[in-house]
Amino acid sequence: ERTSLAWERTAIASMVAGVLLARYAAESLHVVFAVVGITQVVVGAAILLWSGQHYENLHGRLRSGDSPVHPTAATIVGVGSIVFTGLATVLAVIIAVSG
């Protein structure tokens, strides 16, 4: 349950960062920032939906005695989180330097 909550917090934080980036883009008319911000919101929402579904699938497997480990999904979500966090950091630095 703690892992599921951690994924939910990560997804919500990603969505909030995306909304803030899109808001900045709307004020300054930066199309690239808007696309990245909206993409972050969509990916965050997908992670949020996935985490709820994964939680239900995990408990179903645990109840039946099967292994709950799914390494491919964890790798994809981990790499995606790193890429979007890195991209958001680069954009924040660009904003700070140009502003």
Side-chain angles (χ1 to χ4, degrees):
E1 291 182 17
R2 288 183 288 167
T3 302
S4 179
L5 291 173
W7 279 116
E8 290 174 8
R9 285 190 305 269
T10 300
I12 292 168
S14 176
M15 291 176 5
V16 168
V19 166
L20 292 174
L21 190 58
R23 179 177 162 213
Y24 169 78
E27 292 173 358
S28 61
L29 301 175
H30 287 293
V31 175
V32 174
F33 293 153
V35 170
V36 172
I38 291 168
T39 302
Q40 267 191 275
V41 172
V42 170
V43 170
I47 291 172
L48 189 61
L49 292 172
W50 172 81
S51 69
Q53 183 64 34
H54 182 67
Y55 179 80
E56 292 301 319
N57 290 341
L58 173 69
H59 282 287
R61 284 189 229 144
L62 285 173
R63 284 185 219 110
S64 67
D66 293 336
S67 174
V69 178
H70 196 299
T72 305
T75 301
I76 291 170
V77 172
V79 169
S81 296
I82 290 169
V83 167
F84 277 110
T85 302
L87 186 57
T89 302
V90 168
L91 291 174
V93 169
I94 291 170
I95 291 169
V97 169
S98 67

same_hphob_cluster(Ile94, Leu87) at 4.5 Å side-chain heavy-atom cutoff: yes
Ile47 vs Thr10 side-chain heavy atoms within contact, under 4.5 Å: no
Co-membership, hydrophobic cluster, residues Phe84 and Met15, 4.5 Å side-chain: no
Transitive ILVMFWY side-chain link Val36 to Tyr24, under 4.5 Å: yes
Shortest non-hydrogen contact between Gly18 and Val41, atoms and distance: C-CG2, 3.7 Å
Partners meeting side chain to side chain donor-acceptor pair (under 3.5 Å) with Ser64 (sequence neighbours left out): Asp66
Point-to-point distance, once rounded to the nearest 0.5 Å, from CD of Glu8 to CG of Leu49: 10.5 Å
Minimum heavy-atom distance Ala11-Gly44, with the two atoms named: CB-O, 3.2 Å
Shortest non-hydrogen contact between Ser51 and Ser4, atoms and distance: O-OG, 4.0 Å
Linked, directly or transitively: Leu91 and Val43 (ILVMFWY side chains, under 4.5 Å): no
Heavy-atom pair with the smallest gap, counting every atom of Ala25 and Ala34: CB-N, 3.3 Å
Side chain Thr85, main chain Ile82, donor-acceptor under 3.5 Å: no
